[in-house]
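Notes for the one structure printed next.
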Amino acid sequence: MKILVVGSGGREHAMVWKLAQSPRVPELYCAPGNAGIESMATCVEIKADDVAGLQDFVVTEKIDLTVVGPEAPLALGIVDEFRKAKLKIFGPTKAAARLEASKIFSKNVMAQANIPTARAQSFDKAADALAYLDRHELPVVIKADGLAQGKGVIIATTREQARQAILDSMEKAVFGQAGKQVLIEQFLDGEELTLMAFTDGKTVAAMLPAQDHKRVGDGDTGLNTGGMGAYCPAPLGTPALREQVAREVLQPIVDIMVRLGSPFQGVLYAGLMVVKGTPYVLEFNARMGDPETQVVLPLLKTDFLEVIEAVVEHRLDQLAVEWHRAAAVCVVMTSGGYPGSYRTGKPIQGLPSVMTGSATVFHAGTARRGNAIVTAGGRVLGILGRGNTLADAQREAYRVVRSISFDGCHFRTDIAHRALGAQA
Ligand code: AMP
Ligand code: GLY
C-alpha cells in the first residue's frame, strides 16, 4: 500500500514514523518532507499547498491513501478535489475545515450547539469594533477571523493595545484578508488543554489529553510561538474531563456539522481553557496539533493506519481505539531569535545515528546539505522521550536534547512543568 503524507514539520515526521510501524508495512511518501522524514519515506518536492501538484503526483504514482498534516491545503479544498477524482484522502472538506479557517464561523457553530466558549462579538467594520471595545472589560482578546499562522490572536491588557490590534488587523490588513473581520472576545483565565479526536463524521474517538507550551521562555514567559514542547497525558485532562469534553463538545460539533450539510471527517482538535474545572473551547483546529501529535501518537496502541482507514471508510464505530498506559514528553529545539527573525543553514551536531533508550528525534525545520543536516526553520527538532511516568519521559527527552547542538540553539528546560513542578 502506498501512502502520501502532506507536510514538512515535526507533526508530519511523527505521522510518518507512526505509519512506518504499521504491521501492514506501507510504502511511504512525504511532500515535501524534511531531512529526518527522508530516512523513512520518499520525499517529493511538492509544496503542501500545491493541491494540483499533489493530485498529479498521487495519480501518476498510484498512491492509495493521502494523509494531510497542515491546515493550508485543507482550507484550499484538497479533500474536495481528491474526492471528486475518487482519490482516498484523510481530512475534512473545505466547508468542514472552516471550523479552523474562520473563527467567526466556528463561534456561530458553537453557539448553535450550545458549546461552552468565551463570549465574543464579530465585526466587519473597524468603527463598530472600536465602539464595542470602549465598553469591554480588560484584558480583552482580539482575534483575526481567518488563518494567520498562529499570529492572529492578541491578548490586550490596555485599551490602546486593543485599539491598535483592531486597526492593524482591519485597516492596515497585517493579516491580509484573514483579518478583515475580527472577533472581540472575553479573556478566560485558566489552564489550557488540548483534546483531539478522530472522527468519521458520525463517531468520535477522543485521543489522550495533551498540553502544549506556547510561550518561548521558561515559566511560560515571552512571546507566543507555534509550540515549544508538549506532554501527554496531561493530568489536568482527567478521565472524567475527557469524557465530558467528548460528550459535551466534540460529539455535538460533529453532529451539528452533519445538520449544516458539512460533515467533518479527520481529526478535530479542541483547544480548551479549563477554568476552575470547567472546560471552555478557545478554538477548533481541523487537523492534528504540532507539537501535540509528537506526544499523542506515540501512545496510540491501535495501528494508526487502521484508525485512518476506519475514518475514511466511515466505520470508526467498529474499531476500538486503544492507548498505551505510558507517558510522552517532547522538547522543541528552535533557532535563536524564533519566533522573531532567525538564521538558517546552521549545521546540527550530535544527532544520534541510532536511537538508544526510549527517545526519538523528530525533525521539523531541517535540510540536508551534502552529508550534513542543517537548520532550515524556526522550530528545528522535537525530541520525544517516553517512559512509564512523565518524569521518566521528561528525563529521557532532555538526555538527548543536551547531546544535540547548533549555533544559536534554544529550548525550554521546563517542558511538562505544570504536571511535574520541578525543572529538568
Ligand atoms: P487560539 O488560536 O484561538 O487558540 O488562540 C491562541 C492562544 O491565545 C490560545 O492558545 C490561548 O493561549 C490564547 N487565547 C485565545 N483565546 C483566549 C481567551 N478567550 N482567553 C484567554 N486566552 C486566550
Ligand atoms: N499546537 C497548536 C496547534 O497545532 O495549533
Side-chain angles (χ1 to χ4, degrees), residues 7 9-12 14-15 68-72 74-75 97 99-107 110 115-122 136-157 162 165 169 175 178-179 182-196 207 209-216 220-232 234 266-275 278-297 330 332 334 339 362 364 378-379 382 415 418:
R11 166 184 50 211
E12 288 74 23
M15 292 165 94
V68 185
E71 60 276 21
L74 297 171
L99 279 176
E100 172 168 6
S102 167
K103 289 186 189 289
I104 295 173
F105 172 79
S106 173
K107 269 289 175 203
M110 281 190 257
I115 308 284
T117 180
R119 185 169 32 78
Q121 190 80 42
S122 66
H136 204 288
E137 77 271 21
L138 296 170
V140 58
V141 186
I142 313 293
K143 297 185 170 182
D145 175 52
L147 296 179
Q149 285 166 345
K151 300 194 177 96
V153 176
I154 307 288
I155 296 172
T157 48
S169 185
F175 307 119
V182 299
L183 275 177
I184 299 185
E185 187 170 293
Q186 167 199 20
F187 174 80
L188 293 178
D189 195 6
E191 203 178 332
E192 282 185 70
L193 187 73
T194 298
L195 189 66
M196 299 185 278
M207 301 190 206
Q211 202 170 44
D212 180 6
H213 297 54
K214 291 208 166 80
R215 304 294 200 95
V216 72
D220 297 318
T221 54
L223 293 174
N224 256 321
T225 69
M228 296 298 294
Y231 66 98
C232 178
V267 171
L268 181 59
Y269 168 125
L272 306 163
M273 185 71 88
V274 183
V275 185
T278 305
Y280 293 83
V281 176
L282 291 184
E283 63 163 345
F284 287 114
N285 290 328
R287 36 114 194 136
M288 299 196 76
D290 189 339
E292 290 96 328
T293 301
Q294 292 88 310
V295 290
V296 173
L297 274 189
C330 178
V332 173
T334 72
F362 292 129
R379 291 191 287 181
I415 301 302
R418 283 186 190 276

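Just so you know, ligand 1 is whichever comes first in the structure, and atom 1 is the first atom listed for that ligand. Keep in mind the model is a prediction, meaning the values are calculated, not measured.
Taking a cutoff of 4.0 Å between a charged side-chain nitrogen and a carboxylate oxygen, Glu185 and Lys103 do not qualify as a salt bridge. A salt bridge does not link Lys143 to Glu283: none of the charged side-chain nitrogens sits closer than 4.0 Å to a carboxylate oxygen. The pair Arg119-Glu137 meets the salt-bridge criterion, with a side-chain N (NZ, NE, NH1 or NH2) lying under 4.0 Å from an Asp/Glu carboxylate O.
Counting heavy atoms from C-beta on, the side chains of Glu71 and Asn285 never come closer than 4.5 Å. Between Met207 and Met288, some side-chain heavy-atom pair lies under the 4.5 Å cut-off.
Taking a heavy-atom cut-off of under 4.0 Å, ligand 2 is surrounded by Asp212, Gly226, Tyr269, Asn285, Arg287, Gly289, Asp290, Pro291, Glu292.
Remark: Tyr231 engages His213 in a ring-ring contact (aromatic ring centres under 6.0 Å, His included) (not counting sequence neighbours). Partners of Ala14 according to the side chain to side chain contact (heavy atoms under 4.5 Å, CB included) rule, which considers only residues two or more places apart in sequence or in another chain, are Thr293, Gln294, Phe362.
A donor-acceptor pair is defined here as one N or O able to donate and one able to accept, closer than 3.5 Å; such a pair exists between the side chain of Arg379 and the backbone of Gly226.
The environment of CD in Gln149 is sparse: at most 12 heavy-atom neighbours from other residues, nucleotides or ligands sit within 6.0 Å.
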List below, pair by pair, the N or O atoms of ligand 1 and of the protein that are less than 3.5 Å apart, including the distance to 0.1 Å; reply 'none' if no pair qualifies.
from, atom 1, to, atom 2, distance (Å)
ligand 1, 2 (O), Lys103, NZ, 3.2
ligand 1, 2 (O), Glu283, OE1, 3.2
ligand 1, 3 (O), Lys103, NZ, 3.3
ligand 1, 3 (O), Lys143, NZ, 3.0
ligand 1, 4 (O), Glu283, OE1, 3.4
ligand 1, 4 (O), Glu283, OE2, 2.9
ligand 1, 10 (O), Glu192, OE1, 2.6
ligand 1, 10 (O), Lys214, NZ, 3.0
ligand 1, 12 (O), Glu192, OE1, 3.4
ligand 1, 12 (O), Glu192, OE2, 2.4
ligand 1, 16 (N), Lys143, NZ, 3.0
ligand 1, 19 (N), Glu185, OE2, 2.8
ligand 1, 19 (N), Gln186, O, 2.9
ligand 1, 20 (N), Leu188, N, 2.8

